[in-house]
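The analysis underlying the following values was restricted to heavy atoms, covering all of them including side chains, and did not include hydrogens, waters or symmetry mates. First the proteins, then the strands, lettered A, B, ... as listed; each starts at 1.
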Protein chains: 2
Amino acid sequence: MTGTPSIVNAEEVHESPTLALRTFDSIKSDIINGELAQGSKIVESDLALKYGISRGPLREAIHRLERIKLIVRIPHAGSRVITLDTRMMEDIYNARESLEGMAARLAARLMSDAEIESLSALLDQHAAAISETDGKAYFQREGDIDFHYRVAVASQNQWILEKLNGELYQLIRMCRHQSGQFPSRAQTALEQHRQIAAAIARRDEELAELLMRRHISGAWEIVKTILEDQND
Amino acid sequence: MTGTPSIVNAEEVHESPTLALRTFDSIKSDIINGELAQGSKIVESDLALKYGISRGPLREAIHRLERIKLIVRIPHAGSRVITLDTRMMEDIYNARESLEGMAARLAARLMSDAEIESLSALLDQHAAAISETDGKAYFQREGDIDFHYRVAVASQNQWILEKLNGELYQLIRMCRHQSGQFPSRAQTALEQHRQIAAAIARRDEELAELLMRRHISGAWEIVKTILEDQND
DNA sequence: CAGTCATAAATTGTCAACAATTTAAGCGTT
DNA sequence: AACGCTTAAATTGTTGACAATTTATGACTG
């Protein structure tokens, strides 16, 4: 029951049973990877043609993307791919800080011993990967998210899990991709992950929350300077 | 710029420009008021007929309700009105605690002096209303939400504001409605609101967050016992 | 009589045409 | 040349019909 096996966390294997959902996934990737440029206008007929479906399910896909905040939409005026700015990312990181802080607290309360064991193993795995590849970007990025995802799951709070995994992480992925590779920080992050895991293992709710919040607000400070440097 | 005049917080005046949105509002009210019973199955054709529109926009309305978590939906299997249980409400209140705690912190940092003044005035208004009507239920409920809404706005965090006002408060309203009138607690709540407002006025971020979280977790303790008594 | 398979009904998913609205272009006026 | 109005094009919103899928029904078999 504990073994989410690998790096990738939640993408389903068997493809979605409906056109709208499959198209939603496609467009989502295209936006995160930057193939659909930020701020570009979405024209329903064009996209429907491009993805080979009719406007009905495409519309549903767009609405789902709006829900995830990858697309912004104005009645009768159409929709555009979102444009990330510092202001918005600050909102995201602040929300994430409070939500993941709570998740860590709940995880410290509720995580099973087996899960804790498995979490620790995950971090060993990360440590190995770091010393091997020494800064291999992609792996670490997803590894980082993997850790946070586990904590969110362990919180057993469906609402929080859904918001983190469904919305916030997507936007952060997109931001990372758009900002190119930024400094590795892998070693520091791993160290902090270890401390958080230790606090959880000790069932110290207060400390787990505190450390998680520090970890995230620290990450924000770095991302912030990068974003600001970029736009000046 | 400060004067949101009255109790009701954000319902737009001029009705929505699209059928789907208007129907969304209608169904939302019907669910919150219990006219559409919890757990009842939603059949698209039936509802479309009932609201006098075609299935297209109705479908969009349903998707929006799913986004708000008032409806749960399974591909090919249809959708049902959500059924509130203690488990889910606990998730909601925990999420709310962390998010509103952060909102209070940000409010203490960012709220303008005029807004603070206005917030204080709102509380005076509430105090007057309480001593007048001494436990007039509806007013106090909305008054309570009004206070929390103001703090969320003052946080200037769009993501948090949207989640609180768009999702969490709706579910709490629904829960309150379904649970009938529960004990007033108006005096206690007002007192706590005052302390929170004072902390914000003092620009004490730490304390504002702490008090807000206590306030909400306290409210949850009460709601929890009510819910448990009901189902046993 | 329980269980299972095939069939029929009900319901959701998808499509293409039509209506309403917004955006752009063209024309005339000042 | 700039502004506003009228008209045309483009785009979104809405509709009803059709296809695919699930759920219910009932006959058949062990």
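- Using modelled atom types, one finds a donor on one side chain and an acceptor on the other under 3.5 Å when comparing B/His193 with B/Asp144.
- Picking from D/dT11, C/dT14, D/dT14 the nucleotide with the shortest atom distance to the side chain of A/Val43 gives D/dT11.
- Of the candidate nucleotides D/dT14, D/dT23, C/dT22, D/dT14 has the atom nearest to the side chain of B/Leu19.
- When the nearest nucleotides of DNA chain C are assigned to B/Lys41 and A/Ser54 by heavy-atom distance, the more 5′-ward of the two goes with B/Lys41.
- Between A/Leu49 atom CG and C/dA16 atom C1' the separation is 14 Å, expressed in whole Å.
- At a threshold of 4.0 angstrom between heavy atoms, the contacts of A/Ile62 with the nucleic acid are absent.
- If you measure from atom CD1 of A/Ile53 to atom P of D/dA19, you get 19 Å, rounded to the nearest angstrom.
- Between B/Arg80 atom CZ and D/dT23 atom C1' the separation is 12 Å, expressed in whole Å.
- At the phosphate of D/dT14, OP1 or OP2 sits under 4.0 Å from a side-chain N or O atom of B/Thr18.
- Computed from coordinates, the A/Glu44 CD to D/dT14 P distance equals 11 Å when rounded to whole Å.
- The pair A/Glu97-B/Arg105 fails the salt-bridge criterion, with no side-chain N (NZ, NE, NH1 or NH2) lying under 4.0 Å from an Asp/Glu carboxylate O.
- Checked by atom type and distance alone, the side chain of B/Ser179 never pairs as donor or acceptor with a backbone atom of B/Arg176 at under 3.5 Å.
- If you measure from atom NE2 of B/His76 to atom C1' of C/dT14, you get 10 Å, rounded to the nearest angstrom.
- Computed from coordinates, the B/Leu58 CG to D/dT14 C1' distance equals 12 Å when rounded to whole Å.
- Ring-plane geometry between A/His148 and A/His215 is classed as parallel, the angle between the planes falling under 30 degrees on a 0 to 90 degree scale with a further cut at 60.
- The main-chain N or O of A/Ser45 is never found under 3.5 Å from a side-chain atom of A/Arg55 such that the two would form a donor-acceptor pair.
- Candidate nucleotides D/dA17, D/dT15, D/dT23 were compared by shortest atom distance to the side chain of B/Arg55, and D/dA17 ranks first.
- Across all strands shown, B/Gly56 has heavy atoms under 4.0 Å from base atoms, whether or not it also approaches the sugar-phosphate.
- The nearest whole Å value for the distance from the CD1 atom in A/Ile74 to the P atom in D/dT11 is 16 Å.
- Nearest nucleotide to the A/Ser45 side chain, out of D/dT14, D/dT22, D/dT12: D/dT12.
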